[in-house]
Amino acid sequence: MSREIALFSGRAHLALAEAICQELRLPLGQRQLFDFTNGQTFVKYEQLVRDRDVFIVQPGAALPNGSVNDAIMELLIMIEAARRASAWRVTAVIPYFAYARTDKKDQPRVPITARLIADLLVAAGVNRVLTLDLHAGQIQGFFPATVPVDEVTAFHLICNYVASRQWENLVVVATDLGFAKRAKNFAQVLGTPVAFVAKSRLGNTDVTEADHLIGDVRGMRALVVDDEIDTAGSITAAAQLCIEHGAIEVYAAATHGLFSGRAVERIRESPIRELIVTDSLPQHVVTQRLPQVTVLPVARLMAEAIYRIHEGESIGALYQALYGDRVPVS
C-alpha cells in the first residue's frame with residue numbers, strides 16, 4: 001500500500017504503544033491530549049493524518065487519575081478527531097475490551113454494555129477494530145459487517161512460556177465450565193490432561209464459590225487458566241480447590257490482569273506459585289506488589305497484526321510466522 005501508517009496512543013497504556021512502534025520501527029504519532037479543568041478532554045493531532053492509515057492504541061484500562069470510562073471517552077474523541085482530519089482509515093487497537101463481560105442479559109432490566117461500547121465506536125467513525133482475547137467471541141458480532149473485528153490471541157505466547165518452564169506432571173484446569181473449550185486447547189498443545197472447576201457466583205457480587213472439581217489433579221502440578229483476572233476470586237478459589245484435591249503445586253495464567261479490589265491480597269494469600277499474565281493492561285504496579293507475577297509482552301503480536309492489516313495480509317497466518325508449529329487450535 002502507498003498510504004503511510006500513523007500510530008497514536010491514548011493515555012491508558014502509553015508504554016505498550018511505544019513498544020508496538022519499536023517493533024514496527026515507526027515513530028509514535030504526536031498529539032496533544034489533556035483534560036480541561038472542567039473534566040472535558042481535548043485532542044489535537046500534531047502531524048498530518050490526511051489519507052493515512054491511522055491506528056489508535058487504547059485498552060479499556062483506567063487512565064492515570066481517571067477511570068475506565070474516561071479511557072473509553074478519550075478513545076472515541078481520538079477516533080472522531082482522526083476522521084474529521086480526513087484519515088483514510090481508523091483502526092482502534094483495543095488490547096483489552098472494556099465491559100466485555102456484560103455481553104448478554106443474564107437478569108431482568110440490565111444493559112448489554114459490550115454492545116453499547118461497539119455502537120459508540122461505530123458512531124465515532126471507527127473503520128476497524130483490533131483486539132486481544134475477547135471474553136466472549138460473539139462481541140465481534142456486535143459490530144456491523146462494515147466494521148471488521150480482528151481478534152488475536154495470546155494463547156500461543158502463554159503456551160510457549162509454559163512449555164519453556166518444563167513443569168512435569170502438569171494438568172490444565174479451567175476456572176469454570178465456560179472456559180472449558182479454551183482450556184482443552186491449552187491441554188492439547190501442552191500435551192496434558194484437563195480438569196474443570198464448577199462454580200457459582202454469590203448474588204450480584206464479584207464473589208464466586210468453587211463448588212467441585214471435575215477431573216483428577218492428585219499428585220500433579222495444576223495450571224489454572226482463564227481469560228482475565230479481575231478481583232481474583234475465581235482463580236484463587238480454583239487454586240485452593242486444586243490443593244484440596246491433592247495437587248502438589250498450582251500455577252495460573254490469564255491474558256488480561258485487571259487486579260481490582262482485593263485481588264493482590266487474595267493472590268498473595270493463595271497457593272499460586274507463579275501467575276502469568278500479559279501486558280495488555282499496565283502491570284508495573286502489580287509486579288511491584290506481587291513478585292510471583294510474570295508479565296509476557298504482547299507488543300510483537302499486536303505489531304504483527306497491525307502490519308498485516310495495513311498490508312492486507314492474513315491475520316490467521318501471523319501465528320505461524322511468530323510461533324512456528326504452534327498454530328491456532330479451533
Side-chain angles (χ1 to χ4, degrees), residues 100-101 103 106 133-137 153-202 205-259 263 266-278 290 292-294 296 323 325-330:
R101 291 194 295 179
D103 64 312
D106 54 1
D133 282 336
L134 287 169
H135 179 71
T153 179
F155 168 82
H156 313 281
L157 180 66
I158 295 172
C159 281
N160 279 359
Y161 176 79
V162 171
S164 73
R165 299 288 279 138
Q166 297 182 333
W167 290 317
E168 296 181 351
N169 298 320
L170 190 67
V171 55
V172 172
V173 180
T175 53
D176 58 41
L177 297 178
F179 203 71
K181 181 177 179 180
R182 283 193 259 187
K184 288 179 181 178
N185 291 344
F186 273 99
Q188 180 180 340
V189 169
L190 295 171
T192 72
V194 63
F196 312 96
V197 172
K199 71 175 185 181
S200 58
R201 192 170 296 276
L202 303 180
T205 69
D206 289 331
V207 180
T208 58
E209 182 176 343
D211 297 323
H212 58 277
L213 188 68
I214 303 170
D216 186 14
V217 300
R218 187 171 301 278
M220 305 184 76
R221 291 176 172 84
L223 174 67
V224 182
V225 293
D226 207 343
D227 63 318
E228 68 178 66
I229 300 171
D230 188 4
T231 61
S234 295
I235 207 157
T236 54
Q240 184 60 42
L241 194 63
C242 288
I243 292 295
E244 292 172 1
H245 281 72
I248 57 174
E249 291 177 352
V250 180
Y251 303 89
T255 299
H256 309 294
L258 284 77
F259 301 109
R266 284 174 174 152
I267 293 166
R268 187 181 290 123
E269 295 173 353
S270 78
I272 297 173
R273 296 172 63 91
E274 183 176 359
L275 174 58
I276 305 156
V277 295
T278 76
L290 287 172
Q292 68 263 50
V293 171
T294 297
L296 305 181
Y323 305 110
D325 293 335
R326 295 193 184 278
V327 296
V329 179
S330 60

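Shown here are the side-chain contact (heavy atoms from CB on, under 4.5 Å) partners of Glu274, two or more places apart in sequence or in another chain: Tyr161, Arg165, Trp167, Tyr251, Ile276, Thr294. Annotation: side-chain contact (heavy atoms from CB on, under 4.5 Å) contacts of Ala239 (sequence neighbours excluded): Val250, Pro271, Ile272.
Taking 4.5 Å as the limit, some side-chain heavy atom of Val162 sits within range of a side-chain heavy atom of Leu170. Residues Arg266 and Thr231 have side chains in contact (heavy-atom distance under 4.5 Å, counting atoms from C-beta outward). For the pair Val173 and Val224, the minimum side-chain heavy-atom distance is below 4.5 Å. Between Asp103 and Leu134 the shortest side-chain heavy-atom distance does not fall below 4.5 Å. Taking the side chain as every heavy atom from C-beta outward, Leu223 and Leu190 approach each other to under 4.5 Å.
Separation of atoms CD1 (Ile267) and CG (Leu290) is listed at 5.5 Å; rounding is to 0.5 Å. The distance from atom OG1 of Thr175 to atom CZ of Phe196, rounded to the nearest 0.5 Å, is 11.0 Å. Here the straight-line distance linking atom OG1 of Thr236 with atom CZ of Arg268 works out to 13.0 Å at 0.5 Å rounding. Atom CD in Glu168 sits 8.5 Å away from atom CD in Gln166 (nearest 0.5 Å). Atom-to-atom distance recorded for Arg221:CZ and Ile248:CD1 is 4.0 Å, nearest 0.5 angstrom. Considering NZ of Lys181 and CZ of Phe186, their distance stands at 14.0 Å, rounded to 0.5 Å.
The nearest pair of heavy atoms linking Ala222 to Ala247 is CB-CB, 4.4 Å. Looking at every heavy atom in both residues, Cys242 comes nearest to Val217 through O-CG2, 3.7 Å. Nearest approach of Gly219 to Asn169, heavy atoms of both residues: O-CB, 4.4 Å. Here the shortest heavy-atom pairing between Val197 and Ala238 reads CG2-CB, 3.8 Å. Considering every non-hydrogen atom in both Ala195 and Val171, the closest pair reads N-CG2, 4.2 Å.
Residues in residues 213-246 take part in no ring pair (Phe, Tyr, Trp, His ring centres under 6.0 Å) pair, two or more places apart or across chains.
Using a 3.5 Å distance cut-off with no hydrogens or angles, the side chains of Asp227 and Thr255 do not pair a donor with an acceptor.
A donor-acceptor contact shorter than 3.5 Å links the side chain of Asp176 to the backbone of Phe179. Arg101 places no side-chain N or O within 3.5 Å of a backbone atom of His135 that could act as its donor or acceptor partner. Side chain of Asp133 to backbone of His256: no donor-acceptor contact under 3.5 angstrom is found.
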Self-check item: Ile229 and Leu275: CA distance, side-chain angles, deciding distance, side-chain contact (heavy atoms from CB on, under 4.5 Å) verdict
Solution: CA-CA 10 Å; Ile229 300 171; Leu275 174 58; 3.4 Å; yes
